[in-house]
Trainee: 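Mind having a look at this structure? Questions to follow.
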Amino acid sequence: MQDGELQGLAFCGETFSPRNVSIIIEKGIITEISDSAQPVNQWIAPAFFNAHTHIADTVAMDTPVGDHSLAELVAPPNGLKHRILRATSDDCLCNAMRETMQFMYATGTSAFAEFREGGVHGVQLLQQVFTSEIRPVIFGRDGGEFVADGLGLSSAKHPAEDLAAVEHARAAGKRIAIHAGESGTKDIDAAFALDPDFIIHATYFEDRHIREAADRGIPLVICPRSNWILGGTNSAARPQVRKMIEAGCTLWLGTDNVMFVPPDMFAECAFLTTVYKLSPEEILSMATGGFSLLGRKGIIEEGEPANLICLDPGYVKEWTQSPALSLVSRIGSRSVRSVYS
């Protein structure tokens with residue numbers, strides 16, 4: 001949808017306040033939001049930004065992993081997923097990435113931050129298959145960063161090598177993203193030393209790490225379901241999400257590895273609601289915050305791009321006492337009628 005009018009209960013502004021409104025869209029931009037007296041026949045939410053994915057790993061979806069450690073499963077260069085990726089044809093990888101992007105879009109995601117393995121060739125495979133509907137921000141490695149949007153490091157465990165890669169990427173005007181604190185604390189200080197644009201996981205961040213991220217304005221991408229599935233945590237004590245919010249950290253939400261976790265942001269939001277007891281406003285802020293990588297707010301506001309999800313809330317709209325809570329915890333991606341981006 002480029003031009004037209006939408007009417008419904010929309011979750012507007014930075015507070016995601018539910019309002020019965022009419023939204024005018026011109027050339028893909030929200031030009032007017034006005035209150036409406038028409039009966040509500042749909043809900044309108046901001047589309048999601050999935051701030052951390054590995055979508056080529058779709059080819060290894062739900063592979064039995066037994067008692068393998070996290071490193072045995074995903075650490076480069078010879079973790080299980082890397083061996084599977086190397087053994088998979090380009091055509092198969094492309095089809096898998098294409099179908100996962102279609103799934104993400106159909107479930108309300110209009111942009112995502114992708115960590116792409118395979119060097120230059122791996123990045124180019126993704127660039128060949130993505131469409132205008134959904135926008136990847138691609139973080140490559142092993143040279144792939146120079147044809148991508150940025151450098152994505154798996155961890156800060158090789159100081160001289162990592163520093164050289166970061167310096168070269170920065171000289172080329174690229175962003176830097178890095179996994180840190182996923183399974184322990186050993187790589188956290190080294191990650192901060194590389195001055196990244198954002199850090200993924202932060203599962204084992206201690207109070208001093210949280211304070212540093214807040215003071216330096218480094219966003220943290222948390223991936224709750226992945227952390228639980230892969231054994232990084234079994235408690236709401238990790239990551240320390242409430243302390244991160246109270247400290248003033250910028251938090252974004254990602255689903256991580258498609259090998260283990262469906263890239264369904266509604267499911268991620270519901271998990272946060274249940275396990276970490278966050279407010280719907282906090283969760284929606286995390287689920288849309290990554291749009292800042294594209295220079296956008298990711299909210300329903302005049303002047304912003306119309307990245308929107310139109311939803312059929314069903315019987316929920318008649319009975320809910322908190323539409324925002326129902327949005328993140330109850331109606332789910334099955335309620336998506338359409339996505340505009």
Side-chain angles (χ1 to χ4, degrees), residues 49-61 74-105 109-156 158 161-180 191 194 196-201 221 223 252 254-259 261 263 290-295 341:
F49 188 104
N50 189 336
H52 187 58
T53 62
H54 297 268
I55 66 171
D57 298 357
T58 300
V59 299
M61 185 186 295
V74 301
N78 293 313
L80 175 61
K81 77 162 219 167
H82 294 276
R83 300 199 303 274
I84 292 172
L85 289 174
R86 285 196 294 269
T88 303
S89 70
D90 286 353
D91 284 347
C92 186
L93 287 172
C94 286
N95 288 335
M97 290 190 290
R98 183 185 295 110
E99 292 190 7
T100 288
M101 285 189 287
Q102 291 170 350
F103 173 84
M104 288 197 291
Y105 185 74
T109 294
S110 69
F112 63 104
E114 164 68 6
F115 269 50
R116 194 66 208 95
E117 290 87 359
V120 171
H121 183 64
V123 171
Q124 290 174 337
L125 289 179
L126 176 54
Q127 291 171 335
Q128 290 171 20
V129 298
F130 78 80
T131 68
S132 59
E133 289 182 331
I134 185 166
R135 168 70 158 89
V137 181
I138 307 172
F139 291 84
R141 62 182 73 167
D142 301 323
E145 61 269 25
F146 298 111
V147 295
D149 299 288
L151 169 67
L153 292 174
S154 61
S155 185
H158 307 285
E161 181 181 328
D162 294 339
L163 181 59
V166 167
E167 288 178 343
H168 290 152
R170 285 223 184 276
K174 305 297 182 178
R175 292 189 176 96
I176 310 298
I178 185 167
H179 298 68
L194 295 173
D197 291 279
F198 60 94
I199 292 173
I200 299 100
H201 289 299
V221 180
C223 307
W252 299 340
T255 58
D256 200 11
N257 192 314
V258 183
M259 182 176 178
V261 183
F291 277 109
S292 65
L293 292 175
L294 297 172
S341 67

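If you're wondering where the values come from, they're calculated on a predicted model, not measured in any experiment. Residue numbers run from 1 in the order of the sequence given.
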Trainee: How far does CE of Met101 sit from CZ of Phe112, to the nearest 0.5 angstrom?
Mentor: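 With rounding to 0.5 Å, CE (Met101) is 5.5 Å from CZ (Phe112).
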Trainee: Determine whether a donor-acceptor pair (N or O, by modelled atom type, separation under 3.5 Å) exists between the side chain of Ser341 and the backbone of Ile134.
Mentor: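 No, Ser341 side chain to Ile134 backbone: no donor-acceptor pair under 3.5 Å.
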Trainee: Between the side chains of Glu117 and His54, is a donor N or O closer than 3.5 angstrom to an acceptor N or O?
Mentor: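 Yes - a donor-acceptor pair under 3.5 Å links their side chains.
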Trainee: Can any side-chain N or O of Arg141 pair as donor or acceptor with the backbone N or O of Gly152 at less than 3.5 Å?
Mentor: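 Yes, Arg141 side chain to Gly152 backbone: donor-acceptor pair under 3.5 Å.
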Trainee: Please report the closest heavy-atom contact between Val123 and Gly144, naming both atoms and the distance.
Mentor: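 Nearest heavy atoms, Val123 then Gly144: CG2-O, 3.6 Å.
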Trainee: With a 4.0 Å cut-off, would you call Arg116 and Asp149 a salt bridge?
Mentor: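 Looking at Arg116 and Asp149, the cut-off is not met.
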Trainee: Once you round to the nearest 0.5 Å, how far does OG of Ser155 lie from NE2 of His179?
Mentor: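 Output value for this atom pair is 8.5 Å.
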Trainee: Atom SG in Cys92, atom CE in Met97: separation rounded to 0.5 Å?
Mentor: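 It comes to 10.0 Å.
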Trainee: Taking Thr53 for its side chain and Ala113 for its backbone only, find out whether a donor-acceptor pair lies under 3.5 Å.
Mentor: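 The answer is yes, because a donor-acceptor pair under 3.5 Å joins these two groups.
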Trainee: When you measure from the side chain of His82 to the backbone of Asn78, do you find a donor-acceptor pair of N or O atoms at a distance under 3.5 Å?
Mentor: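 Pair absent, no side-chain N/O of His82 close to backbone of Asn78.
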Trainee: Is the backbone of Asp57 close enough, under 3.5 Å, to the side chain of Asn257 for a donor and an acceptor to pair up by distance?
Mentor: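 Here the side-chain-to-backbone pair does not exist.
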Trainee: What distance do Glu133 atom CD and Gln102 atom CD have between them, rounded to the nearest 0.5 Å?
Mentor: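 Here the rounded value is 8.0 Å.
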Trainee: Asp90 versus His121: any side-chain heavy-atom pair under 4.5 Å?
Mentor: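 The answer is yes; the side chains approach within 4.5 Å.
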Trainee: Does the side chain of Pro263 come within less than 4.5 Å of Thr109's, by heavy atoms?
Mentor: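 They are not in contact (no side-chain heavy atoms under 4.5 Å apart), so the answer is no.
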Trainee: To the closest 0.5 Å, what do you measure between CZ (Arg175) and CZ (Phe139)?
Mentor: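 Reported value, rounded in 0.5 Å steps: 6.0 Å.
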Trainee: Shortest non-hydrogen contact from Leu153 to Phe115?
Mentor: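 That would be O-CE2, 3.7 Å.
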Trainee: Verify, without hydrogens or angle tests, whether Gln127 (side chain) and Ile138 (backbone) share a donor-acceptor contact under 3.5 angstrom.
Mentor: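 No; zero donor-acceptor contacts below 3.5 Å.
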Trainee: How far does CG of Leu293 sit from CZ of Phe49, to the nearest 0.5 angstrom?
Mentor: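 If I round to the nearest 0.5 Å, the distance is 5.0 Å.
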Trainee: What are the two closest non-hydrogen atoms of Ala191 and Pro196, and how far apart are they?
Mentor: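 Minimum heavy-atom separation between Ala191 and Pro196: O-CD, 3.2 Å.
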Trainee: Which pair of non-hydrogen atoms, one from Ile200 and one from Cys223, has the smallest distance, and what is that distance?
Mentor: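 Between these two residues, the closest heavy atoms are CG2-SG, 4.1 Å.
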Trainee: Looking at Leu126, is its backbone amide N or carbonyl O close enough to the side chain of Gln128 to form a donor-acceptor pair, meaning the two atoms are under 3.5 Å apart?
Mentor: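 Not confirmed, Gln128 side chain does not pair with Leu126 backbone.
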Trainee: Run Arg98 and Asn95 through side-chain contact (heavy atoms from CB on, under 4.5 Å) and show every step you take.
Mentor: CA-CA 5 Å; Arg98 183 185 295 110; Asn95 288 335; 2.8 Å; yes
Trainee: At their closest point, which heavy atom of Leu85 faces which heavy atom of Ala56, and how far apart are they?
Mentor: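 Looks like CD2-O, 3.8 Å.
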Trainee: Looking only at heavy atoms, which two atoms of Asn50 and Gly254 are closest? And how far apart?
Mentor: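 Closest heavy-atom pair between Asn50 and Gly254: OD1-CA, 3.2 Å.
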Trainee: Could you check whether any side-chain N or O of His52 sits under 3.5 Å from a backbone N or O of Thr255, counting only pairs where one atom can act as donor and the other as acceptor?
Mentor: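 Judged by distance alone, no pair lies under 3.5 Å.
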Trainee: Would the distance check show the side chain of Thr58 and the main-chain N or O of Ile55 forming a donor-acceptor pair, the cut-off being under 3.5 Å?
Mentor: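 Checked: pair present.
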Trainee: Examine distances only and state if a side-chain atom of Asp197 and a backbone atom of Ile176 form a donor-acceptor pair shorter than 3.5 Å.
Mentor: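 Yes; at least one donor-acceptor contact below 3.5 Å.
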